[in-house]
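Structure first, then comments.
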Amino acid sequence: MDWVRLELDVDAFDEARFAPYLQACQVAGIEFTTLAELGDTTEHRRELWALNRTCSADIPDRGEFYTLEQYVAERIETPSFDPSGVALAIDGDGWVGMATTSLHPTRGFAFSEMTGVLPSHRGRGLSLALKLLAVRFTRSRDLHWLRTFHHPRNVSAIAMNRRLGFVDEDPHRWPS
Ligand SMILES: CC(C)(COP(=O)(O)OP(=O)(O)OC[C@H]1O[C@@H](n2cnc3c(N)ncnc32)[C@H](O)[C@@H]1OP(=O)(O)O)[C@@H](O)C(=O)NCCC(=O)NCCS
(Lines give C-alpha, C1' and ligand atoms only; values in the text may rest on other atoms or scores of the structure.)
Protein backbone atom coordinates (compact mmCIF):
# COMPACT_ATOMS: atom_id res chain seq x y z
CA MET A 1 0.00 0.00 0.00
CA ASP A 2 1.32 3.40 -1.01
CA TRP A 3 0.09 5.26 2.09
CA VAL A 4 -0.28 9.04 2.02
CA ARG A 5 2.02 10.03 4.88
CA LEU A 6 1.43 13.47 6.33
CA GLU A 7 3.06 15.58 9.04
CA LEU A 8 2.09 18.73 10.89
CA ASP A 9 4.54 21.08 12.60
CA VAL A 10 2.37 21.83 15.63
CA ASP A 11 4.54 24.81 16.61
CA ALA A 12 3.61 26.47 13.32
CA PHE A 13 -0.06 25.46 13.54
CA ASP A 14 -2.29 28.50 13.38
CA GLU A 15 -4.72 27.88 16.23
CA ALA A 16 -6.63 31.12 15.61
CA ARG A 17 -7.75 29.89 12.17
CA PHE A 18 -9.43 26.81 13.60
CA ALA A 19 -10.71 27.90 17.03
CA PRO A 20 -13.88 29.33 15.39
CA TYR A 21 -14.84 25.80 14.25
CA LEU A 22 -14.64 24.59 17.84
CA GLN A 23 -16.71 27.54 19.05
CA ALA A 24 -19.31 27.09 16.29
CA CYS A 25 -19.77 23.42 17.17
CA GLN A 26 -20.16 24.34 20.85
CA VAL A 27 -22.73 27.01 20.02
CA ALA A 28 -24.59 24.35 18.02
CA GLY A 29 -24.79 22.23 21.18
CA ILE A 30 -21.86 19.84 20.74
CA GLU A 31 -19.82 19.16 23.87
CA PHE A 32 -16.13 18.34 23.73
CA THR A 33 -14.38 16.19 26.28
CA THR A 34 -11.79 13.43 26.59
CA LEU A 35 -11.83 9.84 27.69
CA ALA A 36 -9.69 10.91 30.66
CA GLU A 37 -12.31 13.43 31.75
CA LEU A 38 -15.20 10.99 31.30
CA GLY A 39 -13.33 8.08 32.86
CA ASP A 40 -11.40 5.32 31.10
CA THR A 41 -13.96 2.69 32.11
CA THR A 42 -15.05 -0.58 30.49
CA GLU A 43 -18.32 1.03 29.41
CA HIS A 44 -16.60 4.03 27.83
CA ARG A 45 -14.07 1.81 26.06
CA ARG A 46 -16.97 -0.07 24.51
CA GLU A 47 -18.57 3.21 23.42
CA LEU A 48 -15.29 4.38 21.87
CA TRP A 49 -14.90 1.06 20.04
CA ALA A 50 -18.47 1.29 18.69
CA LEU A 51 -17.93 4.86 17.41
CA ASN A 52 -14.57 3.94 15.87
CA ARG A 53 -16.10 0.85 14.21
CA THR A 54 -18.96 2.86 12.67
CA CYS A 55 -16.65 5.60 11.34
CA SER A 56 -14.06 3.12 10.09
CA ALA A 57 -16.65 1.54 7.82
CA ASP A 58 -16.00 4.49 5.47
CA ILE A 59 -12.23 3.99 5.26
CA PRO A 60 -11.42 2.47 1.86
CA ASP A 61 -10.39 -1.21 2.05
CA ARG A 62 -10.60 -1.11 5.87
CA GLY A 63 -11.84 -4.69 6.03
CA GLU A 64 -13.30 -6.22 9.13
CA PHE A 65 -12.97 -4.12 12.26
CA TYR A 66 -11.44 -5.34 15.52
CA THR A 67 -13.56 -7.18 18.04
CA LEU A 68 -13.89 -5.22 21.28
CA GLU A 69 -11.29 -7.49 22.88
CA GLN A 70 -8.81 -6.94 20.03
CA TYR A 71 -9.45 -3.19 20.09
CA VAL A 72 -8.74 -2.94 23.81
CA ALA A 73 -5.58 -5.06 23.49
CA GLU A 74 -4.16 -3.40 20.36
CA ARG A 75 -5.41 0.19 20.54
CA ILE A 76 -5.91 0.97 24.23
CA GLU A 77 -3.69 -1.21 26.41
CA THR A 78 -0.50 -0.05 24.70
CA PRO A 79 2.28 2.22 26.05
CA SER A 80 1.49 4.95 23.46
CA PHE A 81 -2.16 5.28 24.55
CA ASP A 82 -3.24 8.16 26.79
CA PRO A 83 -6.94 8.69 27.59
CA SER A 84 -6.28 12.45 27.54
CA GLY A 85 -5.44 11.99 23.87
CA VAL A 86 -8.92 10.70 23.07
CA ALA A 87 -10.91 13.81 22.13
CA LEU A 88 -14.65 13.23 21.93
CA ALA A 89 -17.60 15.17 20.54
CA ILE A 90 -20.93 14.51 22.23
CA ASP A 91 -24.38 15.53 21.00
CA GLY A 92 -26.98 15.04 23.73
CA ASP A 93 -26.22 11.57 25.04
CA GLY A 94 -24.55 10.32 21.89
CA TRP A 95 -20.87 10.18 21.03
CA VAL A 96 -20.66 11.57 17.49
CA GLY A 97 -16.97 12.25 16.86
CA MET A 98 -13.50 11.24 17.98
CA ALA A 99 -9.85 12.11 17.40
CA THR A 100 -7.30 9.83 19.03
CA THR A 101 -3.64 10.72 19.36
CA SER A 102 -0.91 8.34 20.52
CA LEU A 103 2.45 9.43 21.95
CA HIS A 104 5.88 8.42 20.68
CA PRO A 105 8.23 10.66 22.69
CA THR A 106 11.42 8.70 22.03
CA ARG A 107 10.91 9.28 18.30
CA GLY A 108 9.74 12.86 18.76
CA PHE A 109 6.18 12.75 17.50
CA ALA A 110 2.53 12.14 18.29
CA PHE A 111 0.44 10.11 15.88
CA SER A 112 -3.10 10.87 14.80
CA GLU A 113 -4.55 7.37 15.02
CA MET A 114 -8.18 7.85 14.13
CA THR A 115 -10.37 10.83 13.38
CA GLY A 116 -14.00 9.96 12.80
CA VAL A 117 -17.35 11.71 12.72
CA LEU A 118 -20.69 9.93 12.38
CA PRO A 119 -22.25 10.41 8.92
CA SER A 120 -25.16 12.31 10.54
CA HIS A 121 -22.74 14.99 11.80
CA ARG A 122 -20.32 15.39 8.90
CA GLY A 123 -19.72 18.58 6.95
CA ARG A 124 -20.05 20.89 9.97
CA GLY A 125 -16.42 21.40 10.89
CA LEU A 126 -16.48 18.80 13.65
CA SER A 127 -13.29 17.08 12.50
CA LEU A 128 -11.45 20.42 12.42
CA ALA A 129 -12.57 21.11 16.00
CA LEU A 130 -11.47 17.65 17.15
CA LYS A 131 -8.09 17.94 15.43
CA LEU A 132 -7.54 21.31 17.08
CA LEU A 133 -7.94 19.49 20.41
CA ALA A 134 -5.47 16.85 19.16
CA VAL A 135 -2.93 19.58 18.39
CA ARG A 136 -3.42 21.09 21.86
CA PHE A 137 -2.91 17.64 23.39
CA THR A 138 0.29 17.14 21.37
CA ARG A 139 1.62 20.50 22.57
CA SER A 140 0.66 19.70 26.16
CA ARG A 141 2.95 16.65 25.97
CA ASP A 142 5.82 18.79 24.67
CA LEU A 143 5.89 17.13 21.26
CA HIS A 144 6.34 19.18 18.11
CA TRP A 145 5.15 16.93 15.30
CA LEU A 146 1.85 15.22 14.59
CA ARG A 147 1.93 12.48 11.96
CA THR A 148 -0.76 10.49 10.19
CA PHE A 149 -1.06 7.92 7.37
CA HIS A 150 -4.03 7.54 5.05
CA HIS A 151 -5.24 5.21 2.38
CA PRO A 152 -4.71 7.08 -0.91
CA ARG A 153 -8.42 6.88 -1.72
CA ASN A 154 -9.48 8.38 1.62
CA VAL A 155 -10.09 11.74 -0.07
CA SER A 156 -12.05 13.37 2.77
CA ALA A 157 -9.51 12.53 5.47
CA ILE A 158 -6.56 13.65 3.35
CA ALA A 159 -8.35 16.91 2.46
CA MET A 160 -9.26 17.49 6.11
CA ASN A 161 -5.65 17.12 7.21
CA ARG A 162 -4.29 19.29 4.40
CA ARG A 163 -6.87 21.90 5.34
CA LEU A 164 -5.32 21.93 8.83
CA GLY A 165 -1.84 22.43 7.39
CA PHE A 166 -0.54 18.85 7.21
CA VAL A 167 1.93 18.38 4.36
CA ASP A 168 3.60 15.36 2.78
CA GLU A 169 6.11 13.90 5.19
CA ASP A 170 9.78 14.64 4.84
CA PRO A 171 11.13 11.06 4.71
CA HIS A 172 14.50 12.22 6.05
CA ARG A 173 12.85 13.40 9.26
CA TRP A 174 11.32 9.98 9.91
CA PRO A 175 13.73 7.22 8.88
CA SER A 176 12.05 3.85 9.34
C1 LIG B 1 -12.82 12.50 7.39
C2 LIG B 1 -13.92 12.92 8.36
C3 LIG B 1 -13.39 12.71 9.78
C4 LIG B 1 -14.26 14.39 8.14
O5 LIG B 1 -15.16 14.79 9.16
P6 LIG B 1 -16.14 16.07 9.02
O7 LIG B 1 -16.49 16.51 10.39
O8 LIG B 1 -17.25 15.76 8.10
O9 LIG B 1 -15.18 17.14 8.31
P10 LIG B 1 -15.32 18.72 8.43
O11 LIG B 1 -16.73 19.13 8.24
O12 LIG B 1 -14.63 19.16 9.67
O13 LIG B 1 -14.49 19.21 7.16
C14 LIG B 1 -13.13 19.55 7.28
C15 LIG B 1 -12.46 19.57 5.94
O16 LIG B 1 -12.30 18.23 5.48
C17 LIG B 1 -12.43 18.17 4.07
N18 LIG B 1 -13.55 17.28 3.75
C19 LIG B 1 -14.48 16.81 4.63
N20 LIG B 1 -15.32 15.99 3.98
C21 LIG B 1 -14.92 15.94 2.70
C22 LIG B 1 -15.38 15.24 1.55
N23 LIG B 1 -16.43 14.43 1.59
N24 LIG B 1 -14.70 15.41 0.38
C25 LIG B 1 -13.62 16.22 0.30
N26 LIG B 1 -13.15 16.91 1.38
C27 LIG B 1 -13.79 16.77 2.55
C28 LIG B 1 -12.66 19.59 3.61
O29 LIG B 1 -11.40 20.17 3.31
C30 LIG B 1 -13.24 20.24 4.83
O31 LIG B 1 -13.01 21.62 4.93
P32 LIG B 1 -13.92 22.68 4.07
O33 LIG B 1 -15.32 22.14 4.10
O34 LIG B 1 -13.77 23.93 4.82
O35 LIG B 1 -13.29 22.66 2.74
C36 LIG B 1 -15.21 12.07 8.14
O37 LIG B 1 -15.56 12.12 6.77
C38 LIG B 1 -15.09 10.64 8.58
O39 LIG B 1 -15.37 10.28 9.73
N40 LIG B 1 -14.71 9.73 7.65
C41 LIG B 1 -14.62 8.30 7.94
C42 LIG B 1 -13.48 7.96 8.87
C43 LIG B 1 -12.13 8.26 8.26
O44 LIG B 1 -11.86 7.99 7.10
N45 LIG B 1 -11.26 8.80 9.11
C46 LIG B 1 -9.89 9.09 8.73
C47 LIG B 1 -9.04 7.93 8.90
S48 LIG B 1 -8.19 8.03 10.44
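Both ligands and their constituent atoms are indexed starting at 1 by order of listing.
Ligand-side atoms of ligand 1 in range of L128: 12 (O), 14 (C), range being under 4.0 angstrom from any heavy atom. Near R124, meaning under 4.0 Å from any of its heavy atoms, are these atoms of ligand 1: 11 (O). The distance from ligand 1 to the heavy atoms of I59 drops below 4.0 Å at these ligand atoms: 43 (C), 44 (O), 47 (C). Each of the following atoms of ligand 1 lies closer than 4.0 Å to a heavy atom of A157: 1 (C), 46 (C). Near G116, the atoms of ligand 1 lying under 4.0 angstrom from a non-hydrogen atom of the residue are 39 (O). Shown in contact with G123 at under 4.0 Å from a heavy atom are these atoms of ligand 1, numbered in order with element: 6 (P), 8 (O), 11 (O).
Annotation: cation-pi geometry satisfied between R147 and W174 (NZ/CZ under 6.0 angstrom from ring centroid, within 45° of ring axis). In this structure, R53 is positioned above the aromatic face of W49, its NZ or CZ under 6.0 Å from the six-membered ring centre and within 45° of the axis.
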*asked:* Show, in sequence, the C-alpha distance, side-chain angles and deciding distance for R139 and E15, and conclude whether the salt bridge (Lys or Arg N to Asp or Glu O under 4.0 Å) test is met.
replied: CA-CA 12 Å; R139 285 178 172 156; E15 162 127 8; 3.2 Å; yes

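For atom 42 (C) of ligand 1, the nearest non-hydrogen atom of the protein is C55 O, 3.4 Å. In this structure, atom 9 (O) of ligand 1 lies nearest to the protein heavy atom S127 OG, 3.0 Å. Among protein heavy atoms, the minimum distance from atom 45 (N) of ligand 1 is reached at T115 O, 2.7 Å. Closest to atom 47 (C) of ligand 1, if we only count protein heavy atoms, is H150 CE1, 3.6 Å. The protein atom (non-hydrogen) at minimum distance from atom 26 (N) of ligand 1 is A159 CB, 3.5 Å. Of all protein heavy atoms, the one lying nearest to atom 15 (C) of ligand 1 is M160 CA, 3.8 Å. The nearest heavy-atom contact from the protein to atom 11 (O) of ligand 1 is G125 N, 2.9 Å.
Closest non-hydrogen pair, L130 versus G97, comes out as CD1-C, 3.7 Å. Taking both residues in full, the closest heavy atoms of S127 and T115 are given as CB-CG2, 4.2 Å, listed atom of the first, atom of the second, then distance. Closest heavy-atom contact between V96 and L51: C-CD1, 4.0 Å.
Counting protein heavy atoms under 4.0 angstrom from atom 17 (C) of ligand 1 gives one or more. Counting only heavy atoms, the protein gets under 4.0 Å from atom 40 (N) of ligand 1. The presence of a protein heavy atom under 4.0 Å from atom 2 (C) of ligand 1 is ruled out.
Of the heavy atoms in N154, only side-chain atoms (C-beta onward) come closer than 4.0 Å to ligand 1. Residue contacts with ligand 1, taken as heavy atom pairs separated by less than 4.0 Å, involve R163 solely via side-chain atoms from C-beta onward. When non-hydrogen atoms are compared, ligand 1 lies under 4.0 Å from neither the backbone nor the side chain of R162.
Side chain of T34 to backbone of V86: no donor-acceptor contact under 3.5 angstrom is found. At distances below 3.5 Å, not a single donor-acceptor pair connects side-chain atoms of H104 with backbone N or O atoms of F109. Side-chain atoms of T100 come within 3.5 Å of backbone atoms of M114 as a donor-acceptor pair (strictly under, hydrogens ignored). Checking side-chain atoms of Q70 against main-chain N and O of T67 turns up a donor-acceptor pair under 3.5 Å.
Below 30°, between 30° and 60°, or above 60°: for F65 and Y71 the angle between ring planes is between 30° and 60°, a tilted geometry.
H150 and N161 share a donor-acceptor pair across their side chains, judged by distance under 3.5 Å alone.
The nearest non-hydrogen atom to atom 25 (C) of ligand 1, considering only A57, P119, A129, S156, comes from S156. Summarising the contacts of atom 38 (C) of ligand 1 with M114, E113, R122, the nearest heavy atom is found in R122.
R153 pairs with exactly one of D58, D2, D61 by the salt bridge (Lys or Arg N to Asp or Glu O under 4.0 Å) rule, that one being D61.
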